[in-house]
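Have a look at the structure below before the remarks.
Residue numbers begin at 1 in each chain, while the letters A, B, ... track the order of the sequences.
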Number of protein chains: 2
Amino acid sequence: MRRTKEQAEQTRCAILVAAEALFLEKGVAHTSLEHIARHAGVTRGAVYWHFENKAHLFHELLSQVRLPPEQLAERLSACAERDPLLALRELCIEAIENLACNPQKQRIFTILLRRCEFTDELREAELRHAAFIAQFIALCEQQFDLPGVRPRLQPGMSPRLAARTLHALIIGLLHDWLRDPTLFDPLSDTAPMIDACFRGLVRDWQQA
Amino acid sequence: MRRTKEQAEQTRCAILVAAEALFLEKGVAHTSLEHIARHAGVTRGAVYWHFENKAHLFHELLSQVRLPPEQLAERLSACAERDPLLALRELCIEAIENLACNPQKQRIFTILLRRCEFTDELREAELRHAAFIAQFIALCEQQFDLPGVRPRLQPGMSPRLAARTLHALIIGLLHDWLRDPTLFDPLSDTAPMIDACFRGLVRDWQQA
DNA sequence: CTATTTACAGACAGTGGTGTATGTAACTAG
DNA sequence: CTAGTTACATACACCACTGTCTGTAAATAG
């Protein structure tokens, strides 16, 4: 029996939800479309109707949320008023806290970091991810290279190194926290850690 | 025709080499034992003779090298003379540089980070890895908590937060660099980045 | 020199997955 | 009201992979 458009959209969502759960539990490669269909209460026919194949399904799953690196890049390009470094600091903290408050983002980012193999099948998703990271680093570097900011860098620290350091710390924090959420509390511990990083990069770093 | 013991060991190595290359290229889950055997110039019979299954093969592949986190934990527990923080700094730098000079370690760490899905099949390897990370963080925390060190921490920075910050930076650096080796040069850029981190964690940080 | 074990190769059965093709009932456009 | 389309379910053909079993020649032990 054919469904109405709403119902169809509903099964599409159910398939995405099932895929998210199964990818997280068993990994992308070890999850078959049959598994996903069963878990969503449909058959593979429905899955193939809504999605071309597993790679496309994966891609649309990722499209549901803006990941932290993407958020950062987007928002950084927006606000340029105030102290650029303070703005950057707050965006970094906010991105991590935001992830900590959004379970779906946690799941999807966990899938990206620990439940999928970046091979040619998922190359598109990988490239997209890499592009956003490059964009983020470039924007960071740009912030550190502003005329009013650059002289504030510690001796021996270039804008590009500062940007790479900051990005590494953020990625490492996300990586560690998603692996073991008991390692630290994102809401209370993120700010001191990010501040420590800035303190090491910039001479006159202090906060209220 | 049966081989001598040396020859057998040789084919065992050939299988490991083939597995390493194929895991890196196509991911662990997408590499079959048939692929590995063919690539090594033998049949699956040989693979099953030397290894119980793919998970065990994977595990023995990892056993070939000490990964950076493991190295750190091992060496940190050894040397306790001198300034503990300087020793810690040098070990961190050395671990990253060491990875940069060892292509096999690069491949295996890349496989761990981006070419395998940590699901129940590989749970053993995952647990081992997690155990070493926990050990490293604990040792770092211990270093930062030494009576002569703890007062040197920046205000608002606890030993455990410092340890987690340092580990996140290292993991992030490795992750970023393995994803894109052009991001920075490990041999020249590692020290400034690690120093920046220490500078943000410790009050009186300066180097020669 | 014989018996036994080793180090594989090759074959087999079984499972599970993919992509596609077809069927079909119900929605929807005109 | 009826064509056409949509949203699937079902069936089919085909391949890939796994694990195991057997065969076997050569190394090795005694």
Side-chain angles (χ1 to χ4, degrees), chain A residues 1-19 21-23 25-61 115-117 119-125, chain B residues 1-61 115-117 119-125:
Chain A
M1 55 256 180
R2 182 183 160 205
R3 315 294 155 77
T4 172
K5 290 210 174 199
E6 305 177 29
Q7 289 174 320
E9 181 58 25
Q10 205 171 332
T11 71
R12 199 189 115 99
C13 287
I15 292 170
L16 282 169
V17 167
L22 290 174
F23 286 168
E25 183 191 340
K26 326 213 288 178
V28 175
H30 294 92
T31 300
S32 70
L33 297 185
E34 176 74 27
H35 288 147
I36 296 173
R38 263 173 162 44
H39 197 271
V42 293
T43 68
R44 257 172 54 245
V47 177
Y48 274 105
W49 173 256
H50 287 284
F51 307 95
E52 197 170 328
N53 52 36
K54 193 159 76 172
H56 282 70
L57 171 55
F58 180 76
H59 188 261
E60 300 224 11
L61 185 63
R115 298 289 194 278
C116 74
E117 304 180 349
T119 173
D120 29 355
E121 187 189 358
L122 306 181
R123 190 118 304 164
E124 193 186 355
Chain B
M1 56 252 181
R2 183 187 160 201
R3 317 292 157 77
T4 172
K5 290 210 174 201
E6 305 176 28
Q7 290 174 318
E9 180 61 23
Q10 206 171 331
T11 70
R12 199 190 113 100
C13 288
I15 292 169
L16 283 169
V17 167
E20 187 183 302
L22 290 174
F23 286 168
L24 182 63
E25 182 192 341
K26 324 212 290 178
V28 175
H30 294 92
T31 300
S32 71
L33 296 185
E34 176 75 27
H35 287 146
I36 295 173
R38 262 171 160 47
H39 197 270
V42 294
T43 67
R44 259 172 53 242
V47 177
Y48 275 104
W49 173 256
H50 287 285
F51 307 95
E52 198 170 328
N53 52 37
K54 190 159 78 172
H56 281 71
L57 172 55
F58 180 76
H59 189 260
E60 301 223 10
L61 185 63
R115 297 289 194 279
C116 75
E117 303 180 348
T119 172
D120 29 355
E121 187 188 359
L122 305 180
R123 190 117 306 165
E124 192 186 354

| Under-4.0 Å side-chain N/O to phosphate OP1/OP2 contact, B:His50 with C:dA7 | no
| said: Would you say B:Thr11 places a side-chain N or O within less than 4.0 Å of OP1 or OP2 belonging to C:dA7? | reply: no
| Whole-Å distance separating the CD atom of A:Glu121 from the C1' atom of C:dT18 | 11 Å
| message | Nearest 0.5 angstrom please: A:Leu22 CG to A:Ile15 CD1, how far? | response | 12.0 Å
| query | side-chain hydrogen bond (donor to acceptor under 3.5 Å, both in side chains): which pairs involve residues 47-58 of chain A, sequence neighbours left out? | reply | A:Thr11-A:His50, A:Glu52-A:His56, A:Asn53-A:His56
| Closer than 4.0 Å, any side-chain N/O of A:Tyr48 to the OP1 or OP2 of C:dG19? | yes
| field | Close side-chain approach of A:Arg123 and A:Asp120, heavy atoms under 4.5 Å | value | yes
| Distance, rounded to the nearest Å, where A:Phe51 contributes CZ and D:dC8 contributes C1' | 14 Å
| note | Only residue of A:Arg115, A:Lys26, A:His30 satisfying side chain to side chain donor-acceptor pair (under 3.5 Å) with B:Glu117 is A:His30
| task | Report yes if some heavy atom in the side chain of B:Arg12 is under 4.5 Å from a heavy atom in the side chain of B:Glu60; otherwise report no. | result | yes
| field | Gap separating the CD atom of A:Glu9 from the CD atom of A:Glu6, nearest 0.5 angstrom | value | 10.0 Å
| query | Distance from A:Arg38 atom CZ to A:Ser32 atom OG, nearest 0.5 Å? | reply | 9.0 Å
| query | Between atom CG of B:Leu24 and atom OG1 of A:Thr119, what is the distance when rounded to the nearest 0.5 Å? | reply | 10.0 Å
| said: Distance check needed: C:dT20 C1' versus A:Asn53 CG, whole Å only. | reply: 13 Å
| note | Within residues 26-47 of chain B, those residues having any heavy atom closer than 4.0 Å to DNA chain C are B:Val42, B:Thr43, B:Gly45, B:Ala46
| request: Would you mind reporting whether A:Leu57 and A:Leu16 have side-chain heavy atoms less than 4.5 Å apart? | output: yes
| query | Within this structure, what is the CD-to-P distance between B:Glu9 and C:dC8, rounded to whole angstrom? | reply | 10 Å
| message | From CH2 of B:Trp49 over to P of D:dC21, roughly how many Å is that when rounded to an integer? | response | 14 Å
N/O contacts under 3.5 Å, protein versus nucleotides 27-30 of chain D?
residue	atom	partner	partner atom	Å
D:dA27	N3	B:Arg2	NH1	2.8
D:dT28	OP1	B:Thr4	OG1	3.2

